[in-house]
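Notes follow once the structure below has been shown.
Both ligands and their constituent atoms are indexed starting at 1 by order of listing. Computed over heavy atoms, backbone and side chain alike; hydrogens, waters and symmetry mates excluded.
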Amino acid sequence: MKGREAEMAASLPTQLLIGGAFEAGAGAPVPVVNPRTGAVIAEIAEADAGQVARAVEAAGRAFPAYAALPPAERAALLLRLADAIEAEAEDFAALEALNCGKPRPAVLRDEMPAIVDCFRFFAGAARCLSGSAAGEYLAGHTSMIRRDPVGPVAQIAPWNYPLMMAAWKIAPALAAGNTVVLKPSELTPLTALKLARIAAGILPEGVLNVISGRGPSTGQALIDAPGIAMISLTGSIGTGERVIQAASASIKRTHLELGGKAPVIVFDDADIDAAVAAVRDFGYYNSGQDCTAACRVYAGAKVYDRFVADLASAVTQLRYDRADDSENDIGPVISARQRERVGGFVARAAALPHVEVVAGGRDAAGSGFYYEP
Ligand code: NAD
């Protein structure tokens, strides 16, 4: 391990935040892996059923007082969170790069400012929650729509943008006066657990709880918890089905961001260089692990051959194996399992009579979970 990585490994955040206190998970240990090397960087015990229940109770206890805070006070808390994250942006970026295999300069440049801004944006939004259609719809009575917080929200995040997804979930929920139990992906819990350390010094006890663990155990216990008023998931369609089932038992609200496949159409009169550059960037950024990844292209007959040849050449030039991380365009995919899935898609496509693999399409050499673009 290099000096900086060894230092980070010694101070990795592994504890859960439940009701303002830090504690180790009481469930099974879950290995956290560096996708660049395949090495285990930490074992984090997951939250067991009792800890999930206590986290939900803590969020429930904190809710009435937090919901009653005036918008200005909620906004001030979110602004302090933003400042604190910004002050540690370098460390957050290093941790995210370690846990996801992303190039660290890309996290620092592309993700950290957006994460900080998300908290600042929702600090502003806390002050201007809109209600519409106010008026005297019944003589002598004024009717209006106002937006109130719903209560403790279970938030479940994926591994492709761990801290950004946590920010997208936490900031709006807290801005509106809800309390939160966040479960990051068991593959990438480190930045959310680091955020918990910061939040514990800023937010009132129990307003944000962070528990780590796998989906079928910790996640399922969380979405089934009776004290949860709403479930927010970013993840796969299968997990979305489970959330809807869990929500139906007690009519919880749901917010689901599930899988996507973004198509691109290249017309015969398109600027081919621009189209190639766009698909190279938006199809392969983050190693293609984006719900908005441009991963299906329909090209007009007149430009088809040139487009295919130029795109093949462009993606072959994507850099992922440089020792200097600032020279890398992409990293590995997140896990051995995910690389097998990607390889499976390519193998099934290649077995079709009309499909030809024109670039990459196999595991890269070495121990990390790299796949040739
Ligand atoms: P996943 O559904 O397996 O996991 C996502 C989260 O759900 C993880 O935290 C996981 O532990 C949890 N989970 C799994 N089973 C659960 C259960 N039974 N109860 C509660 N929680 C459970 O998805 P993944 O493979 O880790 O993530 C990739 C998926 O996320 C892809 O389908 C991708 O398209 C999608 N995604 C969508 C968006 C979007 O904005 N639409 C953004 C990022 C990722």
Side-chain angles (χ1 to χ4, degrees), residues 16 25 27-28 30-33 35 44-49 51-53 55-56 96 99-102 110-111 114-115 118 153-170 172 180-193 195 209-225 228 230-249 252 254-263 282-283 285-296 333-342 344-345 369:
L16 321 177
V30 180
V32 178
V33 172
I44 300 187
E46 64 183 358
D48 72 2
Q51 289 176 309
V52 173
V56 174
E96 201 80 304
N99 199 171
C100 300
K102 300 167 188 257
D110 300 338
E111 296 183 36
I115 289 162
C118 178
V153 182
Q155 304 193 321
I156 299 184
W159 43 258
N160 59 350
Y161 290 92
L163 187 62
M164 183 126 77
M165 291 296 140
W168 285 13
K169 293 197 179 299
I170 295 167
V180 167
V181 181
L182 173 77
K183 190 196 84 61
S185 165
E186 62 276 24
L187 298 178
T188 55
L190 296 178
T191 46
L193 294 173
L195 176 63
N209 306 272
V210 183
I211 56 174
S212 183
R214 292 166 300 172
S217 42
T218 309
Q220 191 68 43
L222 177 58
I223 62 179
D224 283 337
I228 288 296
M230 177 171 179
I231 308 167
S232 170
L233 164 75
T234 300
S236 62
I237 291 166
T239 307
E241 286 171 3
R242 282 190 197 92
V243 165
I244 290 171
Q245 280 160 6
S248 70
K252 296 174 169 111
T254 58
H255 166 250
L256 304 175
E257 274 196 303
L258 307 179
K261 278 270 164 265
F282 295 104
Y285 187 82
N286 204 30
S287 310
Q289 303 173 122
D290 283 20
C291 51
T292 52
C295 52
R296 263 199 301 171
V333 296
I334 193 71
S335 65
R337 176 175 164 264
Q338 199 62 20
R339 184 166 73 167
E340 279 164 26
R341 285 187 67 198
V342 174
F345 292 133
F369 311 133

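- At under 3.5 Å, a nitrogen or oxygen of Q220, whether backbone or side chain, sits near a nitrogen or oxygen of ligand 1.
- Contact of the W168 side chain with the T234 side chain is not registered, since no non-hydrogen atoms from C-beta on lie closer than 4.5 Å.
- Contacts of Y161 with ligand 1, taken as heavy-atom pairs under 4.0 Å, are absent altogether.
- Among all heavy-atom pairs drawn from N209 and A55, the shortest one is ND2-O, 3.6 Å.
- Protein heavy atom in closest approach to atom 39 (C) of ligand 1: C291 SG, 3.0 Å.
- Considering backbone and side-chain atoms together, G213 places no N or O closer than 3.5 Å to any N or O of ligand 1.
- For the atom pair M165 CE and Q155 CD, the distance stands at 12.5 Å (nearest 0.5 Å).
- The shortest side-chain heavy-atom distance between T218 and K183 falls under the 4.5 Å cut-off.
- For atom 4 (O) of ligand 1, the closest non-hydrogen atom on the protein side is T239 OG1, 4.4 Å.
- Here A157 has backbone heavy atoms under 4.0 Å from ligand 1, and that is the only part of it that gets that close.
- Atoms of ligand 1 found under 4.0 Å from any heavy atom of E186, numbered from 1 in the order shown, are 10 (C), 11 (O).
- In terms of polar-atom proximity, defined here as any N/O pair under 3.5 Å, L258 does make such a contact with ligand 1.
- Heavy atoms of L233 approach ligand 1 to within less than 4.0 angstrom.
- Between T234 and ligand 1, not a single N/O pair is under 3.5 Å apart.
- Residue-level proximity to ligand 1 for I223 is carried by the side chain, the only part with a heavy atom below 4.0 angstrom.
- If you check each of G219, G215, S236, G235 against atom 35 (C) of ligand 1, the one with the closest non-hydrogen atom is G235.
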(request) Give the C-alpha distance, both sets of side-chain angles, the deciding distance and a yes or no for side chain to side chain contact (heavy atoms under 4.5 Å, CB included) between V210 and L195. (result) CA-CA 9 Å; V210 183; L195 176 63; over 6 Å; no

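- Here the CG atom belonging to L256 is positioned 10.5 Å from the CD1 atom belonging to I237, to the nearest 0.5 angstrom.
- Residue, atom and distance of the protein heavy atom nearest to atom 26 (O) of ligand 1 are W159 NE1, 2.7 Å.
- Taking atom 12 (C) of ligand 1 as the reference point, the nearest protein heavy-atom neighbour is I156 CG2, 3.5 Å.
- Put simply, the side chain of K252 never gets that close to the backbone of V243: no donor and acceptor are under 3.5 Å apart.
- Considering both main-chain and side-chain atoms, N160 never comes within under 3.5 Å of ligand 1 through any nitrogen or oxygen pair.
- A distance-only check finds no donor-acceptor pair linking the side chain of Q338 to the backbone of S335 [under 3.5 Å].
- Remark: minimum distance from atom 34 (O) of ligand 1 to any protein heavy atom is reached at G259 CA, 3.1 Å.
- Looking at R242 against ligand 1, only its side chain comes within 4.0 Å, counting heavy atoms.
- A distance-only check finds a donor-acceptor pair linking the side chain of E46 to the backbone of R214 [under 3.5 Å].
- Separation of atoms NZ (K169) and SG (C118) is listed at 11.0 Å; rounding is to 0.5 Å.
- Interatomic distance, I231 CD1 to T239 OG1, rounded to the nearest 0.5 Å: 12.0 Å.
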